[in-house]
Amino acid sequence: MNKTDPTTTTNSSRSPRFSILALLGLIAVCALFVALFAMIGERTKWKAQTATLREELRQLREANQLLDVVDPSKIYVCAVFTPFDRMKQCRVHLPEGSDYRLKYDWQDLPPDRDPTNKYHPVAGIKLPPGTYTIAQTFQFTPSRDQSQWQICITASKHGFGGRMTHGFPVNAPSWLNAYQVGNNELELSPSSEGEKPQTFSIRTTAPMLNTPQSEFDSDEEVTLVTYEAYDPSSPDQASGGLLPQKVFRLWIEQEPQQP
């Protein structure tokens, strides 16, 4: 009488079940790989779309003279167009972590032309962190007895407005009172008899004039604009020890940390 081997029966009954589980596992793995490749493709497409949108946003900001703050811990500066020759304007982002101060200084041409016109910089404008529009202009005020020229500087943002105005002495600075004798050429009257008039031009240089923007460390002293007198016949060389000479500077510096 034949007897069925229990071991054979058990193995034969388990083999189909194992094959189905393996097939299901293989299908699951394949589906996982398909989903993974699909996700990688979507992510690549999303990255490309994001990069395109960021570039469009950057171009839009540049066209509207707005700052693109890539790193909030940095100082950013960009120039803002103004139709006035004696006015400069810029946007400035000041990072969190400390306060800043907007300051300026000027000197006559030459610096020792009139010792009575010595000038000491004012305290300036204290600026908390934020994004500001800063404007600087020279204004002629003939109705004033003590001052013909004034410098006006403003710093503004939402909820903040700072302003400082300084009146120059009547005969100083000489480069603002000079006569225009040609295209961007001025003539400085001699300070004593026997001297010849000095012909010069004024140019502005500073990071704020760069396009689209400039980036600085948070503790850097940032020059916003510099006015420089130079010899128009030799713009890149000194002229008799007088030119070129910086006659005005506007800058931002970090406030000292309180102990």
Side-chain angles (χ1 to χ4, degrees), residues 61 64-67 69 72 74-109 117-177 202-210 213-214 216 218-228 246-258:
R61 285 180 172 274
N64 289 275
Q65 300 174 314
L66 300 175
L67 288 170
V69 181
K74 299 281 189 178
I75 296 175
Y76 288 90
V77 180
C78 75
V80 177
F81 172 76
T82 172
F84 306 106
D85 292 337
R86 298 186 183 275
M87 182 178 183
K88 301 300 176 192
Q89 192 168 247
C90 64
R91 298 196 207 285
V92 179
H93 167 77
L94 300 176
E96 299 287 342
S98 92
D99 292 329
Y100 294 81
R101 191 164 292 273
L102 179 63
K103 304 177 73 173
Y104 71 94
D105 196 4
W106 68 273
Q107 60 182 354
D108 209 343
L109 180 67
N117 289 331
K118 295 295 183 181
Y119 170 68
H120 300 285
V122 295
I125 303 175
K126 184 177 180 179
L127 301 177
T131 299
Y132 294 84
T133 298
I134 295 175
Q136 172 270 317
T137 185
F138 295 111
Q139 300 174 344
F140 185 64
T141 54
S143 61
R144 292 174 176 265
D145 296 332
Q146 301 298 322
S147 176
Q148 292 179 325
W149 283 100
Q150 285 185 310
I151 175 176
C152 181
I153 299 172
T154 60
S156 59
K157 69 169 185 173
H158 181 69
F160 178 92
R163 180 186 180 97
M164 55 182 170
T165 303
H166 171 75
F168 294 110
V170 174
N171 296 321
S174 55
W175 45 273
L176 274 176
N177 289 286
I202 295 288
R203 59 188 171 199
T204 53
T205 59
M208 69 161 277
L209 302 178
N210 294 343
Q213 64 182 32
S214 299
F216 305 90
S218 60
D219 58 351
E220 282 190 69
E221 183 178 287
V222 180
T223 298
L224 299 180
V225 65
T226 298
Y227 288 77
E228 182 180 64
K246 293 180 180 179
V247 292
F248 178 85
R249 184 170 77 103
L250 177 68
W251 75 94
I252 290 177
E253 62 183 40
Q254 190 179 52
E255 287 277 74
Q257 297 292 335
Q258 297 297 329

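Please read all numbers here as calculations on a predicted model, not as lab measurements.
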Query raised in the report: Quick one: salt bridge (Lys or Arg N to Asp or Glu O under 4.0 Å) partners of Asp219, sequence neighbours excluded?
Result: none
Query raised in the report: Side chains of His93 and Ile75: closer than 4.5 Å at any heavy-atom pair?
Result: no
**Report entry** Side chain proximity check, Thr137 to Thr154, heavy atoms < 4.5 angstrom
**Finding:** no
Query raised in the report: Do you see a donor-acceptor pair shorter than 3.5 Å between the side chains of Thr133 and Arg91?
Result: yes
Query - Min side-chain heavy-atom separation Val92-Tyr100 under 4.5 Å - result: no
Query raised in the report: What's the spacing between Leu250 CG and Asp105 CG if we round to 0.5 Å?
Result: 11.0 Å
Query raised in the report: How far apart are the closest heavy atoms of Leu67 and Val77, and which atoms are they?
Result: CD2-C, 3.8 Å
Query raised in the report: In terms of side-chain heavy atoms, does Thr165 have a donor or acceptor partner in Gln150 at a distance below 3.5 Å?
Result: no
Query raised in the report: How many angstroms lie between CD in Gln136 and CG in Leu102, if you round to the nearest 0.5 Å?
Result: 10.0 Å
Report summary line: What one should report as the nearest heavy-atom pair of Leu127 and Ala155 is CD2-CB, 3.8 Å
Query - Results of side chain to side chain donor-acceptor pair (under 3.5 Å) for Gln139 - residues two or more places apart only - result: none
**Report entry** Interatomic spacing from CD in Gln89 to SG in Cys78 - rounded to 0.5 Å
**Finding:** 10.0 Å
Requested in this report: Apply side-chain contact (heavy atoms from CB on, under 4.5 Å) to Ser174 and list each qualifying residue two or more places apart in sequence or on a separate chain.
Outcome: Asp108, Leu109, Arg113, Leu188
Query raised in the report: Any donor and acceptor pair, going by atom type alone, linking the side chain of Tyr132 with main-chain N or O of Pro128 inside 3.5 Å?
Result: yes
Query raised in the report: So do Val222 and Leu224 actually touch side chain to side chain, heavy atoms under 4.5 Å?
Result: yes
Query raised in the report: Considering residues, nucleotides and ligands other than Lys157, do more than 12 of their heavy atoms fall under 6.0 Å from its NZ?
Result: yes
**Report entry** Heavy-atom closest contact (Pro95 atom, Pro129 atom, distance)
**Finding:** O-CB, 3.4 Å
Query raised in the report: Are Glu220 and Lys74 ion-paired here, with the side-chain N under 4.0 Å from a carboxylate O?
Result: no
Query raised in the report: Less than 4.0 Å between a side-chain N and a carboxylate O, is that true for Glu228 and Arg203?
Result: yes
Report task. Run the salt-bridge test on Arg101 and Glu255 with the 4.0 Å N-O cut-off and return the result as yes or no. Result -> yes
Query - Lys246 NZ to Gln107 CD distance, which is reported to the nearest 0.5 Å - result: 10.0 Å
Query - Over all atoms of both residues, closest heavy-atom pair of Ser218 and Gln254 - result: O-NE2, 3.4 Å
Query raised in the report: Picking from Trp106, Phe168, Phe140, what satisfies ring-ring contact (aromatic ring centres under 6.0 Å, His included) with Trp149?
Result: Phe140
**Report entry** Residues that Glu96 engages under salt bridge (Lys or Arg N to Asp or Glu O under 4.0 Å), provided they are two or more places apart
**Finding:** none
Query raised in the report: Taking only residues two or more places apart in sequence or in another chain, which ones pass ring-ring contact (aromatic ring centres under 6.0 Å, His included) with Phe138?
Result: Trp175, Tyr227, Phe248
Requested in this report: Measure the spacing between CD1 of Ile252 and CG of Leu94 and express it to the nearest 0.5 Å.
Outcome: 5.0 Å
**Report entry** Atom pair SG (Cys152) and CE (Met164), whose distance is rounded to the nearest 0.5 Å
**Finding:** 9.5 Å
Report task. Decide, yes or no, whether a salt bridge links Asp99 with Lys126 under the criterion of side-chain N to carboxylate O below 4.0 Å. Result -> yes
Requested in this report: Mind checking side chain to side chain donor-acceptor pair (under 3.5 Å) for Ser156 and listing every partner two or more places apart, or none if nothing turns up?
Outcome: none
